[in-house]
Amino acid sequence: MPESAARITIEKAGSHAGELVEIAGWLYNLRKSGKIAFPLLRDGTGILQCVAVKSSLDEAVFESLRNLTQESSLIVRGRIRAEPRAPGGYELDVEGAEVVQRVPEATPYPITPKDHGTDFLMDHRHLWLRSKRQHAIIRVRHEVIRAIREYFDTNGFTLVDTPIFTPAACEGTTTLFEVDYFNDEKVYLTQSGQLYNEANAMAFGKVYCFGPTFRAEKSKTRRHLTEFWMVEPEMAYATLDDVKQVAEELIVFVVGRVLENRRVELEALERDVSKLECVKAPFPRISYDEAVETLRKKGSAIEWGGDFGGTDETLLSEDYDRPVMVDRYPSQIKAFYFQPDPVRPELALGVDVLAPEGYGEVIGGGQRIHDLELLEKRLDEHNLPREAFEWYLDLRRYGSVPHGGFGMGVERFVAWMCGLEHIRETIAYPRMLYRIRP
RNA sequence: UCCUCAGUAGCUCAAUGGUAGAGCAUUCGGCUGUUAACCGAAGGGUUGUAGGUUCGAGUCCUACCUGAGGAGCCA
């Protein structure tokens, strides 16, 4: 190219109106007439309509653009101009173009602008990510993760990541992925960083871990992945009420950030943002007892002592315009480490936060047992091997204090933000019961 | 693991038990303002696999494979 032009991104095109610029990207789509062509250029930050006019372009350049194939990579040089007829309000008058790689006609880009089925799209997930909708979802995910980190980083939490290979289970062993370690030893992919988090909280006060977790559940629903990302805060000297407070603040903060910074993406997803604008403190707080009563009035078959099904969660949350917090579940349906309620010891000081619009449980947590004898008793009741938990019991021997925390599933949160039907679109390469490729 | 539904061209879908078709994509031709552009033409098929019923099966029956939706379990 003879004259140098500043390389810009499409996201910033509006602020370069009238300037000669260069954009490097891929051909999203092409509309053409005989002597004028409209290549839609995609660069990862947005999509820009370019205008190539035969009479004002080098013949070879015009022909190369006019016959370009979908998703070919190219660098375009030209002038940005405000144009009401163009999608996005701006377009680029092409003065020069260099095709970096031309997609051959014999092997055209498989994802056309028309409809495709789920199976086909999932098989082409590596290419599907280039589509507008998937692009918007992943950018919302990034915003959610960034906001989560910022919330904890600015509120006195220290990031202490927990191991992914673990020797024992937090909960049952049926939902663990087993891995061959050295010397014929079996280890498991983590289900939760919680036990380690508790140790870290005794060292740092307030901590969080953030990483992938794995569940070998044979769940085949729109809310499940076998590999998903979870953020887990844990706080020393904290009670159930403190846990609820942090959960509420976190959700309000993250939703606020998404609304503030990802309007364009939410619009592309046709998300009803008024639903998200309702998410303000305080969240309604109800007890498990009240929840069961409400559900039975609504016709659910749930009995006291049972856990909620997916439809129960939807029934519970439909009365509220913001997340609802349900606490004090029967201990029998909760993990061994939950602190019992001092007034009614058959209840666990645990809380679940149910997102509105049927998005279900996005947070689960509570206060942990800090008494050594009680914890030992619970390990026995759950038939868990004492020796594997010796280090965990140490936390109750050396300066034990009331403490608690929770886990928040990133993908369910993103699905809620984006208003998605299925969780599989919230992560670049979803891992599900029957799908581990690409 | 269980229940329900679906598998036909590269993709999305049609086709009373009786000659397998359309749109998109691809190729060729046309068009100077297109908005998933449009108009004309061409190529493209072992109807998921294996059996069975029938004069005749994409269509009916059985088994299996693959996928989707739901249940249980969970974030």
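A note on names: the letters A, B, ... follow the listed sequences, proteins ahead of strands, and every chain is numbered from 1. Computed over heavy atoms, backbone and side chain alike; hydrogens, waters and symmetry mates excluded.
Contacts between residues 429-438 of chain A and RNA chain B, defined by a heavy-atom separation below 4.0 Å, involve A:Tyr434, A:Arg435, listed by number. In the region residues 27-47 of chain A, proximity to RNA chain B at under 4.0 angstrom, judged on heavy atoms, holds for A:Asn29, A:Arg31, A:Lys32, A:Ser33, A:Gly34, A:Lys35, A:Ile36, A:Phe38. Residues from residues 241-255 of chain A with heavy atoms under 4.0 angstrom of RNA chain B: there are none. Within residues 119-127 of chain A, the residues approached by RNA chain B to less than 4.0 Å at the level of any non-hydrogen atom are A:Asp119, A:Phe120, in residue-number order.
With sequence neighbours left out, A:Gln332 forms a side-chain contact (heavy atoms from CB on, under 4.5 Å) with A:Pro330. For A:Arg133, the salt bridge (charged side-chain N to carboxylate O under 4.0 Å, His left out) partners are A:Glu425, not counting sequence neighbours. With sequence neighbours left out, the ring pair (Phe, Tyr, Trp, His ring centres under 6.0 Å) criterion links A:Phe157 to A:Phe152. By the salt bridge (charged side-chain N to carboxylate O under 4.0 Å, His left out) test, A:Lys275 is found to be paired with A:Asp272, residues two or more places apart in sequence or in another chain being considered. Contacts of A:Glu361 classified as salt bridge (charged side-chain N to carboxylate O under 4.0 Å, His left out), with partners at least two apart in sequence or in another chain: none.
Residue pairs meeting the ring pair (Phe, Tyr, Trp, His ring centres under 6.0 Å) criterion with at least one member in residues 278-319 of chain A, sequence neighbours excluded, are A:Tyr288-A:Trp304, A:Tyr288-A:Phe308, A:Tyr288-A:Tyr329, A:Phe308-A:Tyr329. Applying the ring pair (Phe, Tyr, Trp, His ring centres under 6.0 Å) test to residues at least two apart or on different chains, the pairs with a partner in residues 82-118 of chain A are A:His116-A:Phe120.
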Sub-3.5 Å pairs of nitrogen or oxygen atoms, protein against nucleotides 71-73 of chain B:
from: B:G72; atom 1: O6; to: A:Lys220; atom 2: N; distance (Å): 3.2
from: B:G72; atom 1: N1; to: A:Lys218; atom 2: O; distance (Å): 3.0
from: B:G72; atom 1: N2; to: A:Lys218; atom 2: O; distance (Å): 3.4
from: B:C73; atom 1: O2; to: A:Ser219; atom 2: OG; distance (Å): 2.5

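Among the atoms of the strands shown, base atoms are found under 4.0 Å from some heavy atom of A:Ser55. Residue-level contact check: A:Val53 touches the bases, meaning some heavy atom is under 4.0 Å from a base atom.
Distance, A:Trp229 CH2 to B:A75 C1': 15 Å, rounded to whole Å.
The separation of B:U4 from B:C74, taken at their C1' atoms, amounts to 23 Å, rounded to a whole angstrom.
Between A:Arg424 and the phosphate of B:G69, there is a side-chain N or O to OP1/OP2 separation shorter than 4.0 Å. In this model, the phosphate group of B:G69 is approached by a side-chain N or O of A:His422 to a distance below 4.0 Å at OP1 or OP2.
A salt bridge links A:Arg435 with A:Asp119; the closest basic N to acidic carboxylate O contact falls under 4.0 Å.
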